[in-house]
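Worksheet for the structure shown next.
These numbers come from the heavy atoms of this one structure, side chains and all, not from hydrogens, waters or symmetry mates. Worth saying up front: this structure is predicted, and the values here are computed from it rather than measured. If you read the sequence from its start, that first residue is 1, and numbering goes on from there.
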Amino acid sequence: LNQTGNYPVTATSIAGNCSVKDEIVVTINSIPNAYLGNDTTVCGHIILDGETGSAFNYTWQDGTTLLAYTAINSGIYSLFIQDSITGCYNSDTISVVVNPLPVVSLGSDSTQCGGSILIGNIAGTYQYLWSTGDTTNYISVDNSGQYILNAVDPVSGCEYADTIQI
């Protein structure tokens, strides 16, 4: 049987002179969805989760029992989901490569009384793009305002930005 429903049953004696009829109820419960997706490469982290439901119990590869799991390191991640009412279960595994985000830190907002101030980022060999259009890791500013530095790792393609108010 592959479908929930009521099914008639007839039992007949070996001699064939006696039979009994009854009906059985068959319930086919659904299997929880544990699909974590295809193996993937991400920047920074990825949040993994399966099907949500109040009756589901979740167990991750490290014994964690939360609905969602934040993968911050490269590795193999697995999820086991069980429906606590029906007992039905499912599992999945995913391979995740986590590339680090570029290190970008412009520091705290700053006040400058006249003159210019040099702002920038000293870490990494990234491709830089400032909100001013400049593409160096440092710029000299002499006007008040918000400055945004966007950095891209040319190898991984990972991107991160920071903002400073002068």
Side-chain angles (χ1 to χ4, degrees), residues 27-166:
T27 301
I28 307 292
N29 295 308
S30 61
I31 296 173
N33 180 6
Y35 183 65
L36 296 174
N38 295 325
D39 293 350
T40 190
T41 299
V42 298
C43 296
H45 72 279
I46 185 172
I47 297 174
L48 304 169
D49 61 6
E51 181 176 356
T52 60
S54 60
F56 293 153
N57 296 317
Y58 307 88
T59 305
W60 293 91
Q61 73 288 334
D62 63 357
T64 303
T65 58
L66 299 173
L67 165 66
Y69 191 93
T70 303
I72 59 173
N73 295 309
S74 296
I76 305 294
Y77 295 87
S78 59
L79 171 63
F80 177 87
I81 298 179
Q82 185 168 22
D83 185 320
S84 62
I85 296 171
T86 66
C88 295
Y89 62 89
N90 201 355
S91 64
D92 194 21
T93 299
I94 186 173
S95 175
V96 176
V97 174
V98 179
N99 289 316
L101 293 172
V103 177
V104 179
S105 178
L106 298 177
S108 300
D109 292 350
S110 179
T111 301
Q112 180 73 18
C113 296
S116 296
I117 185 171
L118 190 64
I119 58 174
N121 190 61
I122 60 170
T125 55
Y126 307 125
Q127 296 169 342
Y128 296 98
L129 179 61
W130 287 90
S131 53
T132 61
D134 290 298
T135 57
T136 58
N137 61 331
Y138 279 95
I139 60 171
S140 178
V141 297
D142 52 11
N143 292 318
S144 296
Q146 182 181 65
Y147 295 89
I148 303 168
L149 174 59
N150 188 59
V152 177
D153 183 321
V155 176
S156 69
C158 293
E159 183 174 344
Y160 193 73
D162 195 15
T163 302
I164 190 169
Q165 184 74 35
I166 302 292

* Would you check if Phe56 and Asp83 make a side-chain contact, meaning some heavy-atom pair closer than 4.5 Å? => yes
* **Any side-chain heavy-atom pair of Ile46 and Thr40 under 4.5 Å** => yes
* Could you tell me whether a side-chain N or O of Asn90 sits under 3.5 Å from a main-chain N or O of Pro32, the two making a donor and an acceptor? => yes
* Asked: More than 12 foreign heavy atoms under 6.0 Å from CD1 of Ile72: is that the case here?
  -> no
* Asked: So, does Ser74 use its side chain to make a donor-acceptor pair with the main chain of Val98 at under 3.5 Å?
  -> yes
* To do: Assess whether atom OH of Tyr89 is packed by more than 12 heavy atoms of other residues, nucleotides or ligands within 6.0 Å.
  => no
* Asked: Is the backbone N or O of Leu106 less than 3.5 Å from a side-chain atom of Asp162, with the two atoms forming a donor-acceptor pair by type?
  -> yes
* With a 4.5 Å heavy-atom cut-off, do Tyr147 and Ile139 have their side chains touching? -> yes
* Asked: Would a 4.5 Å heavy-atom cut-off, applied to side chains only, mark Thr163 and Gln146 as touching?
  -> yes
* To do: Look only at the side chain of Ser84 and the backbone of Ala55, and say whether a donor-acceptor pair between them is shorter than 3.5 Å.
  => yes
* More than 12 heavy atoms from other groups under 6.0 Å of OH on Tyr160 -> no
* With side chains defined as the heavy atoms from C-beta onward, is the minimum distance between Pro100 and Cys158 less than 4.5 Å? -> no
* Any donor and acceptor pair, going by atom type alone, linking the side chain of Asp134 with main-chain N or O of Thr136 inside 3.5 Å? -> no
* Asked: Would you say Ile31 has more than 12 foreign heavy atoms packed within less than 6.0 Å of its CD1?
  -> no
* To do: Compare all side-chain heavy atoms of Val152 with those of Tyr126 and state whether any distance is below 4.5 angstrom.
  => no
* Taking the side chain from Tyr58 and the backbone from Thr64, do they hold a donor-acceptor pair closer than 3.5 Å? -> no
